[in-house]
Every structure is written in structure tokens, then in C-alpha cells.
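Report on the structure given below.
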Amino acid sequence: METHSYLPVPPGVGMEENFLSLDDILLSHERLPSRTECTFPRLGFLEKSSDSRDIQEGTKMEMPLFLAKGLYERKRRVVSVELPKVYKEGWRTVFNADPTVVDLHKMGPYYYGLGSQLLHFDSPENPEIAQAVLQTFIGRFRRTMDSSQNAYNEDTSALGIWFHLELKATGQKRND
Amino acid sequence: MFCEKAIEIIRELHRMGDGQLPAFNEDGIRQVLEEMKALYEQNQSDVNEAKSEGKSELIPTIKFRHCCLLRNQRCIAAYLYDRLLRIRTLRWEYGSVLPTNIRFHMCAEEVRCLKDHGEFEIDDGTIILLKKNSQHFLPRWKCEQLIRQGVLEHIMS
């Protein structure tokens with residue numbers, strides 16, 4: 001390994017983001033199905049589907065995570081966020097049955113990161129979501145370790161890449 | 001939606017995971033700054049209206065714009081910082097004289113010399129003669145101090 005190689009700012013750990021991390025910025029651009037819980041005057045032009053001058057209360061829209069986080073208030077109705085399918089009960093049961101069988105990349109590039117960020121929105125299902133994300137990681141990690149230790153050939157480069165991606169996605173990888 | 005240009009420049013950089021330095025997206029940065037200016041001015045106006053006419057219903061909108069302003073600011077800071085990391089890596093690799101193709105990708109500034117400042121040595125060893133009214137093409141970070149001192153003046157083309 002070369003010294004002084006390019007080491008970008010890593011993503012934050014758990015529910016935190018690193019301000020300067022490109023990965024966290026991309027993660028927080030992901031859109032979430034949301035609903036406005038109050039009117040946003042004069043911003044109607046952002047909403048292609050309506051001709052209104054304002055964004056009306058009760059409008060369903062896909063809101064980027066950074067905006068939903070920034071606007072969300074626990075004690076006041078400003079915006080509400082719906083859980084994406086993959087974090088809902090149905091999918092959680094699938095992950096619980098066998099965490100290794102799901103093609104995580106098909107579910108979107110930020111399963112772990114987004115799962116952690118969703119905890120900011122005080123859903124009553126938060127404990128279940130956190131549990132599902134954690135157990136999925138553990139299950140997949142275990143499976144990958146098992147297959148790596150039983151590999152016939154010595155080519156584990158693809159494995160290394162998998163680790164890198166999955167660990168990055170959880171924010172657990174640090175550039176030490 | 002706001003902040004689309006900001007995420008575009010981040011994606012551009014993120015695409016190059018190996019530490020290569022893409023060309024400085026001067027136009028992209030300019031557009032993000034323009035959007036920030038527009039958001040800021042709209043918020044200033046709405047804040048005044050909310051205060052003087054008691055229109056508290058404008059507050060969610062003001063917060064919305066403020067979020068986007070902070071987002072744009074974050075993207076620019078991260079963009080510049082990430083480029084800094086890449087440039088630092090290149091400096092370690094190549095020493096103080098960077099190949100021209102890399103220098104070409106850095107943000108350069110055209111400056112005019114306002115007074116006779118004599119010879120000026122940049123840390124890569126190049127000596128520039130700063131005579132009054134001469135024009136030079138220098139990287140921004142080298143000019144900044146001289147611009148502050150009033151020796152150089154940025155030429156806006």
C-alpha cells in the first residue's frame with residue numbers, strides 16, 4: 001500500500017453524517033416518499049404536478065433526505081416521511097429469514113446508510129428498523145467470512161471489494 | 001428542485017475514485033453560488049415581510065430555502081476539500097512541479113499587476129516578473145495574498 005494515497009473523507013458512523021464526506025452527501029440526496037404537513041407558500045413552482053403558487057399541505061412528494069431531515073420537527077407537523085418498502089415489515093421479514101439472499105444493490109445503493117438515517121424521523125418502527133439493518137449486516141458478513149475461508153482458489157480480490165462496499169455503506173470503515 | 005447543480009459537481013468528483021483530478025468546474029461552482037444568492041435574497045425579502053406584516057405562514061418556506069442554502073454551501077466546501085486532498089496526493093507523488101496536464105485542471109486566475117513589485121518566486125521555483133500592468137495567469141491560491149496586498153488585481157473576463 002502506498003503512503004500518501006488519496007484518502008477521501010469517510011462517511012459518518014451510524015446516524016451521523018460527516019459534513020465533508022462525498023459519500024454522505026450522495027446518500028443524503030436519496031429521495032424519500034414524503035408528505036407535507038403544512039403549506040409552503042410561494043414554492044409551488046417546485047411541484048410539477050400542480051399549478052398552485054404554493055405547495056399545499058398534504059402534498060405527496062419525493063423529498064431528498066437532506067431536506068426531509070432539515071425540515072422535520074418532532075413536536076410540529078412540517079413534513080412526514082414514509083418508510084421505503086425495503087425497510088417496511090414485509091421486507092424486514094424477508095431479511096430476517098435469510099439476510100444473504102437479497103440482492104442489496106437492486107434495493108438501492110445505500111441500504112445500510114439510508115436505514116440508519118431513517119431513524120431520525122421517530123417512526124414507531126425504529127427499533128425494528130435498526131434491528132433489521134444490523135442483523136442483515138451481521139448475517140451477510142458471516143456468510144462472506146464463511147465462503148472466504150472455504151474458497152478453493154486464493155483470489156479474494158472480489159471479496160475485498162465486497163467488504164469495502166458493505167463496510168463503507170455502514171459507515172464502519174475508517175481510513176486508518 | 002434546488003441543489004441539483006451542487007449534487008452534479010459532487011457526482012463528478014465521486015466518479016473518480018482513484019484520486020485523479022478532474023478539471024475545476026468553474027461554471028458549476030458559479031451556478032451554485034448564483035442559486036445561493038437567489039435563495040438568500042428571497043429569504044431576506046420573506047423574512048422582512050413575515051416580521052413587518054406578521055405573516056408567520058412564510059416560515060416553513062424560509063426554512064426550506066435555508067436548508068437548500070446550507071446544502072449548497074456544504075457541497076461547495078466538500079468539493080473544494082476533496083480536490084485539496086487529491087492535489088495534496090499529487091504533490092506527494094510528483095513533487096513541487098506538477099505536470100502541465102494536471103496544472104491545467106486546477107483553477108487558474110488571470111491577474112493584472114498594479115504596481116512594480118519586482119520578481120516574485122512561486123514555490124515551484126518559477127520566477128514571475130511583476131511589472132506594472134503586466135498580465136499573468138496564476139493559480140488562485142498563489143495570487144490571493146498579493147491581491148489582498150493590492151499588488152495584483154483580478155481580471156474579470
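Note that the structure is predicted; figures quoted are calculated from it, not measured. All values below come from the heavy atoms of this structure, side chains included, with hydrogens, waters and symmetry mates left out. Here is how names work: the chains are called A, B, and so on, in the same order as the sequence lines, proteins then strands, and each is numbered from 1.
Listed options B:His66, B:Arg86, B:Arg71 were ranked by heavy-atom pairs under 4.5 angstrom with chain A; first place goes to B:Arg71. Your options are B:Leu80, B:Ile7, B:Ile10, and the one with the most heavy-atom pairs under 4.5 Å with chain A is B:Ile7.
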Side chain to side chain contact (heavy atoms under 4.5 Å, CB included) assessment of A:Glu62 paired with B:Met1: CA-CA 10 Å; A:Glu62 298 268 297; B:Met1 180 50 78; over 6 Å; no
Are A:Ser5 and B:Trp92 close enough, and set up right, to give a side chain to side chain contact (heavy atoms under 4.5 Å, CB included), and what steps lead you there? CA-CA 9 Å; A:Ser5 52; B:Trp92 276 108; over 6 Å; no
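Along residues 38-49 of chain B, the residues that come nearer than 4.5 angstrom to chain A, judged on non-hydrogen atoms, are B:Asp46, B:Glu49 in order of number.
Within 6.0 Å of atom OH in B:Tyr81, 12 or fewer heavy atoms from other residues, nucleotides or ligands are found, so the atom counts as exposed in its surroundings. Few gaps surround CZ on B:Arg30; more than 12 heavy atoms of other groups in view lie less than 6.0 Å from it. Annotation for A:Glu89: atom CD does not count as buried by contact number, only 12 or fewer foreign heavy atoms lying within 6.0 Å.
Smallest separation of non-hydrogen atoms from B:Cys67 and A:Leu71: SG-N, 4.2 Å. The heavy-atom pair separating A:Tyr6 from B:Thr89 by the smallest distance is CA-OG1, 3.4 Å. A pairwise comparison of heavy atoms in A:Phe19 and B:Ala77 identifies CE2-CB, 4.1 Å as the closest pair. The two residues B:Leu13 and A:Leu22 have their closest heavy-atom pair at CB-CD1, 4.2 Å.
Residue A:Asn18 touches chain B through its backbone alone, counting heavy-atom pairs closer than 4.5 Å. For a residue to count as touching a neighbouring chain, one of its non-hydrogen atoms must lie under 4.5 Å from one of that chain's; by this rule A:Ile25 touches chain B with backbone and side chain alike. Within the 4.5 angstrom heavy-atom criterion, atoms from both the backbone and the side chain of B:Phe64 approach chain A. Neither the backbone nor the side chain of A:Thr36 comes within less than 4.5 Å of any heavy atom in chain B. Proximity to chain B is limited to the side chain of A:Glu73, based on heavy atoms less than 4.5 angstrom apart. Proximity to chain A involves both the backbone and the side chain of B:Arg74, based on heavy atoms less than 4.5 angstrom apart.
B:Arg11 places a side-chain heavy atom less than 4.5 Å from the side chain of A:Leu26. Proximity of A:Phe66 to B:Leu70: side-chain heavy atoms (C-beta onward) are nowhere separated by under 4.5 Å.
Remark: of the listed residues A:Asp54, A:Leu43, A:Ile55, A:Leu43 is the sole one forming a side-chain contact (heavy atoms from CB on, under 4.5 Å) with B:Thr61.
To the nearest 0.5 angstrom, B:Ile59 atom CD1 is 7.5 Å from A:Arg76 atom CZ. Taking CD of B:Glu8 as the reference point, atom NE2 of A:His29 lies at 10.0 Å (rounded to 0.5 Å).
Cluster annotation: B:Leu84 and A:Val9 are assigned to the same hydrophobic cluster (Ile/Leu/Val/Met/Phe/Trp/Tyr, side-chain heavy-atom contacts under 4.5 Å, transitive). Under the 4.5 Å side-chain heavy-atom criterion for Ile, Leu, Val, Met, Phe, Trp and Tyr, A:Met15 and A:Phe137 are members of the same hydrophobic cluster. A continuous path of hydrophobic side-chain contacts links A:Met107 to A:Val101 [ILVMFWY only; heavy atoms under 4.5 Å]. By the criterion of side-chain heavy atoms lying less than 4.5 angstrom apart, applied directly or through intervening Ile, Leu, Val, Met, Phe, Trp or Tyr residues, A:Phe45 is grouped together with B:Leu69 in one hydrophobic cluster. Linking Ile, Leu, Val, Met, Phe, Trp and Tyr residues whenever their side-chain heavy atoms come within less than 4.5 Å places A:Leu65 and A:Leu46 in a single cluster.
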